[in-house]
Amino acid sequence: MIRKSIICFFLFALCYSILIAFLPNNGVGTHQWQENQIRAQQFLYEKSSDTVIVGTSLSARILLDSLKNVSSCAFSACVVEDGLRLILSKDVIPHYVLIETNYILRPSNEELVKINSQGPLPFLRNYIPILREQNAPICLIGYCFMQGALAPADTVDMERLQKSIENRILEDNTHFLTEKQQKGRMNVITSLISKLEKRGAKIVLFEMPLNDSLKYVRSNEQTRQAVIRMFPKEKYIYLPNDTSTYLTNDGEHLDADGQRRYSHFLKDALVSISL
């Protein structure tokens, strides 16, 4: 009985491996954490890109379709530190690392990097694709359902938007760091970036557009000043800020039209600095 079960398991695994090898598209996540897992594993196990975007849920919305040889290590509910650590865990380092600066000082999630770089499973995923999150049956089923789904409405709930902005302004003090906290976070980020530079990566910094009401709140201004101190403009490459007006879903995350527009802006900005 045990022998038959083992044989059936390996036959099923073989058939499933053949199936996913011929599927033209990858599975999709059914929730935020699974989407992060899929993106992280695509970066780790698929063909290396010359340029990688690192950031939070803000830059995770950048559309990569029009960006040649660019991949993303920007994750929802995670921060810049997580993406940097994930890149450093890989043998091949990208030539350019584009770092979103908006929330660069926020603390790491840690779990995302740990689960994708420690223990035997990350090693096995490199050689056994069916172990990767995107190839889980539920993700492939989710992809099939998405093919018949309508595109999300390109509208923003203005009442919800205004309430989100007001709440963000009220909570701004919780994001403002003491001098000691700020120094600690700066040391962590500069240390990670120094390791990348020693391995040949060039650092490019950029700021995602926000709602006008949130651009200059105290914590965002604190972060901008910290970024300039950490990365002087005479030494590092900065992409120009897009001065266009963008509509967001909550004051911080671009709506569907904004995602498309900013992705095209980023494409042109990278061309302008010959990336």
Side-chain angles (χ1 to χ4, degrees), residues 9 12-47 49 52-65 67 70-80 82-83 85-87 89-90 100 103 106 108-157 160 164 208 248-250 252-260 263:
F9 170 78
F12 173 79
L14 177 62
C15 292
Y16 195 64
S17 296
I18 294 171
L19 173 66
I20 63 174
F22 286 97
L23 288 175
N25 294 287
N26 298 317
V28 297
T30 57
H31 51 80
Q32 185 183 80
W33 182 249
Q34 194 170 53
E35 289 173 353
N36 284 346
Q37 287 276 77
I38 289 173
R39 177 168 289 190
Q41 291 170 20
Q42 285 174 339
F43 169 75
L44 290 171
Y45 303 121
E46 296 182 2
K47 183 180 177 181
S49 299
V52 178
I53 297 170
V54 176
T56 66
S57 55
L58 275 64
S59 51
R61 297 191 173 202
I62 292 172
L63 305 176
L64 302 178
D65 297 350
L67 299 175
V70 176
S71 59
S72 178
C73 274
F75 306 100
S76 299
C78 294
V79 294
V80 167
D82 302 311
R85 291 191 184 279
L86 201 66
I87 293 174
S89 73
K90 194 172 180 179
E100 172 210 320
Y103 301 130
R106 291 196 179 175
S108 170
N109 180 294
E110 294 186 3
E111 186 64 23
L112 181 70
V113 179
K114 182 179 178 182
I115 203 170
N116 284 291
S117 62
Q118 297 180 19
L121 197 53
F123 174 80
L124 292 174
R125 289 193 192 107
N126 192 36
Y127 301 99
I128 309 175
I130 61 172
L131 296 178
R132 299 173 194 173
E133 198 71 29
Q134 68 184 28
N135 293 325
I138 188 65
C139 295
L140 296 178
I141 292 170
Y143 171 78
C144 294
F145 276 103
M146 280 188 64
Q147 299 313 293
L150 295 174
D154 208 8
T155 57
V156 172
D157 184 334
R160 177 173 174 264
S164 295
M208 290 291 295
T248 62
N249 291 310
D250 55 5
E252 298 174 306
H253 299 86
L254 297 177
D255 70 341
D257 178 64
Q259 293 170 37
R260 290 190 291 268
S263 298

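Side-chain atoms are counted along with the backbone in the values below, which use heavy atoms only and exclude waters and symmetry mates.
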**Student:** How long is the gap from CD1 on Ile128 to OH on Tyr45, to the nearest 0.5 Å?
**Tutor:**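 Between Ile128 CD1 and Tyr45 OH, I get 11.0 Å after rounding to 0.5 Å.
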**Student:** Do you know which two heavy atoms are closest between Asn135 and Pro129, and how far apart they sit?
**Tutor:** ND2-O, 2.7 Å
**Student:** Tell me every residue that passes side chain to side chain contact (heavy atoms under 4.5 Å, CB included) with Glu35, counting only those two or more places apart in sequence or in another chain.
**Tutor:** none
**Student:** Asp157: what forms a side chain to side chain contact (heavy atoms under 4.5 Å, CB included) with it, not counting sequence neighbours?
**Tutor:**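 By the side chain to side chain contact (heavy atoms under 4.5 Å, CB included) rule, Asp157 matches Glu159, Arg160.
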**Student:** Taking side chain as C-beta onward, heavy atoms only, is Phe75 less than 4.5 Å from Leu86?
**Tutor:**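 In short, these two side chains touch, coming nearer than 4.5 Å.
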**Student:** What closest approach, in Å, do Asn249 and Val156 show between heavy atoms, and which atom pair accounts for it?
**Tutor:**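 Scanning both residues, the minimum pair turns out to be OD1-CG2, 3.7 Å.
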**Student:** Does the side chain of Tyr103 pick up a donor-acceptor pair with the side chain of Glu252 at under 3.5 Å?
**Tutor:**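 Yes, a side-chain donor-acceptor pair sits under 3.5 Å.
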**Student:** Side chain to side chain contact (heavy atoms under 4.5 Å, CB included) between Ser49 and Val70: does it pass, once the steps are laid out?
**Tutor:** CA-CA 6 Å; Ser49 299; Val70 176; 5.8 Å; no
**Student:** Please determine whether side chain to side chain contact (heavy atoms under 4.5 Å, CB included) holds for the pair Ser72 and Ile62, giving the CA-CA distance in whole Å, both sets of side-chain angles, and the decisive distance to 0.1 Å.
**Tutor:** CA-CA 9 Å; Ser72 178; Ile62 292 172; over 6 Å; no
**Student:** At what distance, to the nearest 0.5 angstrom, does CG of Asp250 lie from CG of Asp255?
**Tutor:**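 That separation rounds to 10.5 Å.
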**Student:** Please check this pair: side chain of Gln134 against backbone of Ile38, looking for a donor-acceptor N/O pair closer than 3.5 Å.
**Tutor:** no
**Student:** Taking Asn116 as the fixed residue, which of Glu111, Arg85, Gln37 is the one that meets the side chain to side chain donor-acceptor pair (under 3.5 Å) rule?
**Tutor:** Gln37
**Student:** Report yes or no: do Glu100 and Thr56 form a side-chain donor-acceptor pair below 3.5 Å?
**Tutor:**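 On atom types as modelled, these side chains qualify, holding a pair under 3.5 Å.
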**Student:** Could you pull out the closest heavy-atom pair between Gln34 and Glu133, with the gap in Å?
**Tutor:**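 So the minimum-distance heavy-atom pair works out to NE2-OE2, 2.9 Å.
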**Student:** Quick one: closest heavy-atom pair of Leu58 and His253, and the distance?
**Tutor:**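 Reported closest heavy-atom pair: CD1-NE2, 3.8 Å.
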**Student:** Return the minimal non-hydrogen interatomic distance between Ser108 and Val79, and the atom names on each side.
**Tutor:** CA-CG2, 3.6 Å
**Student:** Quick one, Gln118 with Lys114, criterion side chain to side chain contact (heavy atoms under 4.5 Å, CB included). Give me CA distance, side-chain angles, the key distance, then yes/no.
**Tutor:** CA-CA 6 Å; Gln118 297 180 19; Lys114 182 179 178 182; 3.6 Å; yes
**Student:** Which atom names give the shortest non-hydrogen contact between Ile115 and Arg125, and what distance separates them?
**Tutor:**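 Shortest heavy-atom contact: O-NH1, 3.8 Å.
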**Student:** Side chains of Ser76 and Asn36: closer than 4.5 Å at any heavy-atom pair?
**Tutor:**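 The answer is yes, as the side chains (C-beta and beyond) meet within the 4.5 Å cut-off.
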